[in-house]
Amino acid sequence: MIVYGGDWNPEQWPEEVWSEDVALMREAGVNRVSLGIFSWSWLEPVEGAFEFGWLDRCMDLLAENGIQACLATPTAAPPPWFAHTYPEALPQDADGRTFTHGSRQAFCPSSPIYRDRALRIAEQVARRYKDHPALTIWHIHNEYGCHNARCHCDTSAEAFRAWLCERYQSLDALNEAWGTAFWSQRYGDWAQILPPRATPAIGNPAQLLDFRRFSSDALLDLYRAERDLLAAIAPGVPATTNLMAGMHWEMDYWRFAEELDVVASDHYLNGDEPHIQLAFSADLARSLNKGRPWILMEHSTSAVNWQGHNPAKAPRELLRNSVQHLARGADAIMFFQWRASREGAEKWHSGMLPHAGTDTKIWREVVELGAALRDLADVEGSTVGADVAILMDYASIWAQDHPAQPTAHHKPIEIIRQWYGELWRLGVTCDVRHPEDDLSGYRLVVVPALYLVSDAGAARLRRFVEGGGIAVAGPYSGIVDDNDRVRLGGYPGAWRDLLGVRVEEFFPRESVELTSGRKGWVWSELAHATTAEVLDTYVTGEPAWTRNAWGAGAAHYLTTLPRGADLRAVLAEVCADASVPTADAEGLELVRRSHPDGRSYLFAINHGDTEATGGGVTVPAGEFRVARLESASQ
Ligand code: GLA
Ligand code: GLA
């Protein structure tokens with residue numbers, strides 16, 4: 001089956017509402033709900049005193065109605081007693097401002113008190129429900145790092161020092177890695193090291209980068225601790241937590257994904273062309289789960305409440321969004337949340353069951369979606385194949401967050417989205433990969449913006465091209481090592497040989513005209529083709545686009561950033577070089593999922609306002625179709 005459901009927050013409603021909830025869930029075809037996510041103060045109203053009666057009744061109700069429970073540990077929302085009793089466990093920002101309770105995630109990730117109390121309530125939940133027939137999967141915590149990704153308090157400082165000690169072993173190694181010869185920052189004692197806090201001038205970039213790594217690890221460590229505890233009490237019950245793939249960049253999701261039994265991710269529409277950002281998020285979630293089917297743990301039926309201006313979804317958009325996620329490998333389509341809240345900070349956030357009740361656009365579409373997913377039950381377990389991988393690493397993005405850069409306008413996330421967007425328009429399905437992953441099996445590897453790459457990562461791409469692959473890199477990629485130290489001898493130091501190009505100087509500027517008539521934006525460079533062929537130049541003559549034959553493959557390089565149709569044209573030629581088929585996919589999104597036995601599904605989603613045909617399928621405006629194909633020959 002395809003899992004269908006959402007967050008159920010019964011504690012927000014009187015008990016008589018619960019049976020109506022469950023009856024309506026059945027009407028909509030809901031077969032799983034997440035619950036208990038923010039229930040800590042209702043499960044442990046007084047420290048050490050537990051009240052499970054209400055949750056027992058909810059779990060029983062689910063079991064009686066054949067609805068699975070994705071049961072949470074409530075550790076993302078410590079109760080008021082926690083902050084009141086242990087103010088030292090609250091998180092602090094770089095300016096020393098302490099946050100308190102009254103919303104959620106008010107805890108220092110490195111606090112031993114938080115850890116202890118979180119594990120205690122998680123243990124209670126696990127012991128109580130380990131054999132409950134509704135229990136299907138653990139939902140540990142909620143969106144790690146969404147609100148407290150980096151804590152700069154003294155407890156965090158202590159933990160940061162321990163993390164550094166483990167990483168570098170000696171102060172000499174740390175001084176070397178952090179480049180502390182610069183501005184007299186040489187450390188003579190571990191105790192002198194602090195998290196980045198307010199400083200008179202620009203802070204040390206390597207310190208900042210390591211602090212981002214440490215902060216991500218601190219939360220990952222909490223995940224591991226909860227997971228191990230649950231696994232010991234309830235062996236065999238899978239565990240996950242909801243990531244925010246493509247939306248949140250504070251946690252190293254490559255490292256998180258390694259620890260999840262199955263990747264779960266949340267997505268909310270945002271920005272321009274939100275359906276393309278949705279596709280990126282889904283492709284990243286699938287890639288984090290190594291290509292296996294993943295769980296869409298949350299998305300919205302209509303408006304959210306946190307964007308200042310919150311557009312409601314157009315008719316059918318809920319269905320298109322859901323099917324897009326399904327097409328890109330999700331085997332579970334879930335929403336935040338089941339019943340829209342009537343109170344609290346999220347009362348203006350849409351739900352599956354709106355304030356206005358069942359005689360609504362949202363409810364009718366929720367019921368229709370449930371039926372559609374039931375019809376597509378055999379899609380479960382099928383996978384999405386991709387010829388193209390986009391390289392993305394969190395550490396590289398974090399390193400570029402340091403404020404002193406050649407230009408603030410070279411924004412890696414934006415560039416990755418632009419390149420992804422043009423590949424989407426070309427109808428190319430992409431995986432996203434960590435630079436150190438094995439890349440064999442792809443035809444094309446795309447490196448839109450990867451400022452920082454490790455030696456191992458640099459070698460991977462070289463080996464991929466050597467073996468016959470085609471690569472394309474954007475400017476300001478391959479520039480620094482793991483510790484944000486410049487790779488010398490001409491940029492980009494990591495790939496000068498592979499690209500056959502040597503760059504002597506960056507010339508950031510608003511835009512630059514190219515001989516081809518195309519335009520580059522934001523960035524330009526004084527580059528020399530050493531062994532590469534020059535495919536396009538600035539009107540002033542310097543290389544803008546190069547191609548270097550390397551081993552059995554070739555590596556393209558752009559010294560500037562084309563956009564829109566110009567970028568699409570370049571990527572189309574690069575795809576042709578890699579024998580990756582392209583199509584004009586504007587409007588009609590086509591994605592294929594296949595089973596190993598040859599059964600496959602062509603998902604066609606029409607985002608435009610006129611009928612569209614592609615892959616032999618005709619789809620009315622705003623609709624979707626799923627064609628079942630018997631042979632996976634394409
Ligand atoms: C000042 C400082 C130098 C250096 C430059 C950078 O002049 O004295 O140390 O930071 O700014 O522009
Ligand atoms: C996140 C959280 C949910 C809710 C939604 C609102 O995904 O996990 O609890 O706050 O955002 O969009």
Side-chain angles (χ1 to χ4, degrees), residues 1-10 22 25 29-39 43 55-56 58-76 118-119 121-144 220 222-245 253 256-267 285-286 288-290 292-299 325-326 329-338 352 373 377 379-381:
M1 74 182 194
I2 301 296
V3 169
Y4 184 44
D7 287 16
W8 185 34
N9 294 308
V22 174
M25 285 173 193
V30 164
N31 51 34
R32 182 186 292 176
V33 294
S34 303
L35 83 165
I37 300 175
F38 301 109
S39 305
L43 295 175
L55 188 54
D56 292 351
C58 293
M59 288 289 282
D60 293 349
L61 207 51
L62 292 177
E64 286 156 19
N65 285 275
I67 299 169
Q68 300 179 343
C70 173
L71 183 59
T73 62
T75 55
L119 290 178
I121 184 67
E123 180 177 352
Q124 293 287 326
V125 171
R127 290 203 186 286
R128 186 142 193 122
Y129 299 108
K130 65 184 169 60
D131 298 317
H132 197 284
L135 175 65
T136 306
I137 181 170
W138 296 116
H139 181 302
I140 296 180
H141 201 85
N142 189 70
E143 293 187 339
Y144 277 96
L220 180 54
L222 287 175
Y223 174 81
R224 280 200 206 96
E226 284 201 35
R227 180 208 55 198
D228 292 349
L229 177 82
L230 298 177
I233 297 170
V237 179
T240 190
T241 187
N242 44 347
L243 311 179
M244 298 164 272
Y253 283 158
F256 265 78
E258 290 293 325
E259 308 286 343
L260 309 184
D261 292 323
V262 53
V263 165
S265 190
D266 300 344
H267 183 263
R286 181 187 67 248
L288 287 164
N289 207 33
K290 299 191 158 67
R292 295 168 306 211
W294 54 282
I295 295 172
L296 175 66
M297 191 66 94
E298 297 177 17
H299 67 150
H325 285 293
L326 185 71
D331 268 2
I333 304 295
M334 301 182 69
F335 291 94
F336 175 86
Q337 58 177 332
W338 162 249
M352 298 172 82
L373 295 178
V379 169
E380 188 201 350

A.B. asks: Quick one, Asn9 and Phe336 - any side-chain contact, counting heavy atoms below 4.5 Å?
C.D. replies: yes

A.B. asks: Taking C-beta and beyond as the side chain, do Leu62 and Leu35 meet within less than 4.5 Å on heavy atoms?
C.D. replies: yes

A.B. asks: For the CG atom of Asn31 and the CE atom of Met25, what is their distance to the nearest 0.5 Å?
C.D. replies: 11.0 Å

A.B. asks: Please determine if Asp56 and Arg128 form a salt bridge, counting it only when a charged side-chain N lies under 4.0 Å from a carboxylate O.
C.D. replies: yes

A.B. asks: Between Glu258 and Lys290, does any side-chain N to carboxylate O distance fall below 4.0 Å?
C.D. replies: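 Lys290 and Glu258: salt-bridged.
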
A.B. asks: What is the minimum heavy-atom distance between Pro74 and Val125, and which atoms define it?
C.D. replies: CD-CG2, 4.2 Å

A.B. asks: Rounded to the nearest 0.5 Å, how far apart are OG of Ser265 and CG of Leu296?
C.D. replies: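 Here the rounded value is 7.5 Å.
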
A.B. asks: Out of curiosity, Arg286 CZ to His325 NE2, how far, rounded to the nearest 0.5 Å?
C.D. replies: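 Output value for this atom pair is 12.5 Å.
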
A.B. asks: Evaluate the ring planes of Tyr144 and Tyr223, with Trp represented by its six-membered ring, and classify them as parallel (under 30°), tilted (30 to 60°) or perpendicular (over 60°).
C.D. replies: perpendicular

A.B. asks: Would you check, one step at a time, whether the test side-chain contact (heavy atoms from CB on, under 4.5 Å) holds for Ile295 with Val262?
C.D. replies: CA-CA 7 Å; Ile295 295 172; Val262 53; 3.8 Å; yes

A.B. asks: So do the side chains of Leu71 and Met59 get within less than 4.5 Å of each other, counting heavy atoms only?
C.D. replies: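 Leu71 reaches Met59 side chain to side chain.
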
A.B. asks: Could you measure the distance from the CG atom of Asp228 to the CD atom of Glu259? Nearest 0.5 Å is fine.
C.D. replies: 8.0 Å

A.B. asks: Would you call Leu260 and Thr241 a side-chain contact if the rule is heavy atoms closer than 4.5 Å?
C.D. replies: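 Contact flag for Leu260/Thr241 side chains = yes.
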
A.B. asks: side-chain contact (heavy atoms from CB on, under 4.5 Å), that's the test. Do Met297 and Cys70 meet it? Break it down for me.
C.D. replies: CA-CA 10 Å; Met297 191 66 94; Cys70 173; 3.6 Å; yes

A.B. asks: Go through it in stages, so that I can follow the logic: the residues are His141 and Asn242, the test is side chain to side chain donor-acceptor pair (under 3.5 Å), and I'd like the CA-CA distance, side-chain angles, deciding distance and then a yes or no.
C.D. replies: CA-CA 8 Å; His141 201 85; Asn242 44 347; over 6 Å; no

A.B. asks: Shortest non-hydrogen contact from Glu226 to Ala118?
C.D. replies: OE2-CB, 4.4 Å

A.B. asks: Could you walk me through whether Leu243 and Phe256 pass the side-chain contact (heavy atoms from CB on, under 4.5 Å) check?
C.D. replies: CA-CA 9 Å; Leu243 311 179; Phe256 265 78; 4.1 Å; yes

A.B. asks: How about Ile137 and Arg32: do any of their side-chain heavy atoms sit closer than 4.5 Å?
C.D. replies: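 Yes. Closest side-chain heavy atoms under 4.5 Å.
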
A.B. asks: Return yes if some donor-acceptor pair links the side-chain N/O of Tyr253 with the main-chain N/O of Met244 below 3.5 Å, else return no.
C.D. replies: yes

A.B. asks: Got a second to check how far Trp8's CH2 is from Ile67's CD1, nearest 0.5 Å?
C.D. replies: 7.5 Å

A.B. asks: Just by distance, do the side chain of Asp7 and the backbone of Gln337 share a donor-acceptor pair under 3.5 Å?
C.D. replies: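 Side chain of Asp7 to backbone of Gln337, a donor-acceptor pair under 3.5 Å: no, none is there.
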
A.B. asks: Find out whether Ile2 and Asp331 are in side-chain contact, i.e. whether some heavy atom of one side chain is under 4.5 Å from a heavy atom of the other.
C.D. replies: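 Of all side-chain heavy-atom pairs linking Asp331 with Ile2, at least one is under 4.5 Å.
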
A.B. asks: Quick one, Leu43 and Gln124 - any side-chain contact, counting heavy atoms below 4.5 Å?
C.D. replies: no

A.B. asks: Mind listing the closest non-hydrogen atom pair of Ala234 and Trp138 along with its distance?
C.D. replies: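 Distance-wise, the nearest heavy atoms are CB-CZ2, 4.0 Å.
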
A.B. asks: What is the distance from atom CD1 of Ile121 to atom OG1 of Thr75, rounded to the nearest 0.5 Å?
C.D. replies: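 Between Ile121 CD1 and Thr75 OG1, I get 9.5 Å after rounding to 0.5 Å.
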
A.B. asks: Do Val237 and Leu230 make a side-chain contact, defined as non-hydrogen atoms from C-beta onward lying under 4.5 Å apart?
C.D. replies: no

A.B. asks: What closest approach, in Å, do Leu288 and Ala245 show between heavy atoms, and which atom pair accounts for it?
C.D. replies: CD1-CB, 4.1 Å

A.B. asks: Between Met334 and Gly6, which heavy-atom pair has the shortest distance, and what is it?
C.D. replies: CE-N, 3.8 Å

A.B. asks: Of all heavy-atom pairs between Phe38 and Asn142, which one has the smallest distance, and what is that distance?
C.D. replies: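 Answer, listing the atom of Phe38 first, then Asn142: CZ-ND2, 3.4 Å.
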
